[in-house]
*Asks:* 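Handing you this structure, nothing more for now.
Start at 1 with the first residue, then count along the sequence. What you are looking at is a predicted structure, and each value in this text was computed from that prediction instead of being measured.
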Amino acid sequence: LELGYGVLQVVSRQIADEAGLTARRRELGEFLEKQLKAQYRHHYVVQLRAKGKVTIDEDFLKSTGLRLTATPDEAKKVIATAGGKPIRYEEVLEQVMTTVGNKEGGHFSGASVKLEFSWALVDRALLEAAALERGFGTNPAVEEAVKRFERDEVARAAAKQVRASVPPLSDAEIASWYGQHPADFLRPAERACSHLVVREQSHATGMRARMERGEPFEDLAREYSLDEATGQKGGVIGVLNDDRLSVLAKTEPQLAAAFKDGKPNQVSAPTASKLGWHLVRCGAVTPASTVPLPQVREGIAARLRVERETQAVVHHLEKLRGQVVITRDTAALSRIPPPSP
């Protein structure tokens with residue numbers, strides 16, 4: 001799994017009978033219809049991609065790393081062209097931050113996620129162009145939707161103008177915010193750890209005795225450890241920090257304590273877990289430290305700018321509300337039937 005290795009247990013199995021199928025037929029039919037529509041849409045856009053010979057500049061996306069900020073040149077970079085429409089990197093960033101937030105440094109700010117959103121923008125542009133070619137643009141319902149879209153775009157353009165008027169952050173403001181939020185930039189203490197896990201306590205005790213007589217921890221882990229993934233590497237788990245050990249302590253407090261409190265480079269006493277009996281060895285602890293400001297400056301600047309731009313838009317809306325008189329037609333509202341239960 002993404003966070004480590006898991007143990008799964010099948011608790012029960014249920015096979016629907018004919019009566020159950022009859023009761024859920026409508027629900028299952030609707031689900032199947034959605035699935036088929038999604039498959040058809042995917043098949044169609046794949047054909048459109050091939051017909052238009054659409055490619056995405058994946059090398060550029062990879063070059064941006066985990067950043068959700070962009071230089072002016074990067075923002076205007078055309079990463080693909082679909083249906084005659086250029087797709088720019090700033091559009092991709094907008095989609096990413098709208099959907100998953102603006103936190104940098106994790107999977108959701110990486111190239112694979114940016115690529116996924118890039119293809120989504122490409123597919124939308126291809127579908128729009130294909131729909132216009134088929135004459136759907138003259139449909140009355142579409143024309144009405146276009147009017148609403150135009151109004152929405154005007155509103156978005158006005159909001160964008162307000163956001164652009166926000167002055168840039170100074171180095172002093174960034175440094176001040178950094179100093180006021182030390183916990184946000186704290187690297188937890190960490191240590192490099194290995195383990196060997198066997199089925200019986202007596203076996204673990206014997207393994208420890210053999211290590212004390214000089215047999216290498218790594219050789220015994222490769223030969224005897226039940227954890228095949230780490231056993232192949234001589235028992236090496238990797239670097240464990242205090243945050244990960246705090247999570248482990250919720251389910252395996254004794255094992256977490258063995259990793260965290262053991263003497264550096266010494267093999268622990270046999271420690272029980274749900275998987276068996278562990279022998280643990282960790283290196284010296286690297287103390288907790290604060291991430292230097294230069295490494296997080298861009299992320300702080302991006303976060304504060306989004307906050308200030310949002311505040312500016314909210315303030316602008318409050319001013320506009322103060323300039324108009326809003327009335328409510330209570331008689332018309334009373335004639336609206338209540339929603340069906």
Side-chain angles (χ1 to χ4, degrees), residues 1-56 58 61 68 79-85 87 91-103 106-153 155-156 247 250-251 333 336-341:
L1 304 175
E2 184 178 352
L3 298 179
Y5 287 87
V7 178
L8 307 181
Q9 179 182 13
V10 178
V11 178
S12 65
R13 297 181 188 275
Q14 180 179 355
I15 301 176
D17 55 17
E18 191 67 28
L21 175 61
T22 301
R24 297 188 60 189
R25 181 178 296 276
R26 179 178 177 182
E27 174 190 347
L28 293 172
E30 292 175 350
F31 174 78
L32 178 60
E33 184 178 359
K34 290 180 181 179
Q35 293 290 96
L36 291 174
K37 286 181 177 179
Q39 292 176 16
Y40 178 79
R41 183 185 186 279
H42 175 72
H43 178 68
Y44 185 55
V45 295
V46 167
Q47 290 182 319
L48 292 176
R49 291 179 190 178
K51 180 180 178 182
K53 298 180 180 180
V54 181
T55 59
I56 290 178
E58 294 188 33
L61 294 178
L68 291 179
I79 61 165
T81 300
K85 175 186 176 183
I87 309 297
E91 299 175 67
V92 177
L93 286 184
E94 182 180 359
Q95 291 293 313
V96 173
M97 289 190 285
T98 299
T99 306
V100 302
N102 63 336
K103 292 185 178 180
H107 165 73
F108 291 112
S109 66
S112 61
V113 171
K114 294 173 185 175
L115 180 62
E116 183 179 344
F117 279 99
S118 299
W119 277 119
L121 290 170
V122 165
D123 292 345
R124 187 171 71 185
L126 290 173
L127 288 170
E128 289 171 354
L132 291 174
E133 287 180 6
R134 293 188 175 195
F136 288 111
T138 58
N139 184 293
V142 172
E143 290 179 340
E144 180 59 32
V146 168
K147 293 178 182 178
R148 293 196 301 270
F149 175 78
E150 288 177 344
R151 291 195 294 270
D152 291 343
E153 279 299 298
R156 276 193 283 269
V247 174
K250 295 178 181 178
T251 55
L333 290 173
I336 298 176
S340 58

*Asks:* Looking at every heavy atom in both A129 and G83, which two are closest together, and how far apart are they?
*Replies:* CB-CA, 3.8 Å

*Asks:* Suppose we screen for salt bridge (charged side-chain N to carboxylate O under 4.0 Å, His left out). Which residues come up paired with R41, at least two apart in sequence or across chains?
*Replies:* none

*Asks:* Atom NZ in K85, atom CG in L126: separation rounded to 0.5 Å?
*Replies:* 10.5 Å

*Asks:* Kindly give the heavy-atom pair with the smallest separation between A82 and A125, and that separation in Å.
*Replies:*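 Minimum heavy-atom contact is O-CB, 3.7 Å.
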
*Asks:* Would you mind reporting whether T98 and Q95 have side-chain heavy atoms less than 4.5 Å apart?
*Replies:*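 No; the side chains remain at least 4.5 Å from each other.
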
*Asks:* Any non-hydrogen side-chain atom of H42 less than 4.5 Å from a side-chain atom of D123?
*Replies:*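 Answer no - side chains too far apart.
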
*Asks:* Would you indicate whether the side-chain heavy atoms of F31 and Q35 approach each other to under 4.5 Å?
*Replies:* yes

*Asks:* Looking at residues at least two apart in the chain, or sitting in another chain, which of them share a side-chain contact (heavy atoms from CB on, under 4.5 Å) with F108?
*Replies:*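 Here the qualifying residues are V100, V113.
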
*Asks:* Please tabulate, for the side chains in residues 9-22, all donor-acceptor contacts under 3.5 angstrom to protein atoms that are two or more places apart in sequence or on a different chain.
*Replies:*
from: D17; atom 1: OD1; to: A19; atom 2: N; distance (Å): 3.3
from: D17; atom 1: OD1; to: G20; atom 2: N; distance (Å): 2.7
from: T22; atom 1: OG1; to: E18; atom 2: O; distance (Å): 3.0

*Asks:* With sequence neighbours left out, which residue pairs that include part of residues 109-119 fulfil the side-chain hydrogen bond (donor to acceptor under 3.5 Å, both in side chains) condition?
*Replies:*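 For residues 109-119, and leaving out neighbouring residues, the side-chain hydrogen bond (donor to acceptor under 3.5 Å, both in side chains) pairs sorted by first residue read T64-K114, Y89-K114.
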
*Asks:* By side-chain hydrogen bond (donor to acceptor under 3.5 Å, both in side chains), which residues pair with E153, not counting sequence neighbours?
*Replies:* R156

*Asks:* Are the charged groups of E30 and K34 less than 4.0 angstrom apart, N to O?
*Replies:* no

*Asks:* Counting heavy atoms not belonging to Q47, are there more than 12 under 6.0 Å from its CD?
*Replies:*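 Buried by this count: over 12 neighbours within 6.0 Å.
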
*Asks:* Output, in order, the C-alpha distance, side-chain angles, deciding distance and verdict of side-chain contact (heavy atoms from CB on, under 4.5 Å) for L121 and R124.
*Replies:* CA-CA 5 Å; L121 290 170; R124 187 171 71 185; 3.5 Å; yes

*Asks:* For residues 132-152, please give each side-chain donor-acceptor pair under 3.5 Å, one per line with the distance, not counting sequence neighbours.
*Replies:*
from: R134; atom 1: NH2; to: Y44; atom 2: OH; distance (Å): 3.4
from: T138; atom 1: OG1; to: G135; atom 2: O; distance (Å): 3.0
from: N139; atom 1: OD1; to: A141; atom 2: N; distance (Å): 2.8

*Asks:* Considering all heavy atoms of both residues, which atom of L93 and which atom of L68 are nearest to each other, and what is their separation?
*Replies:* CD1-O, 3.9 Å

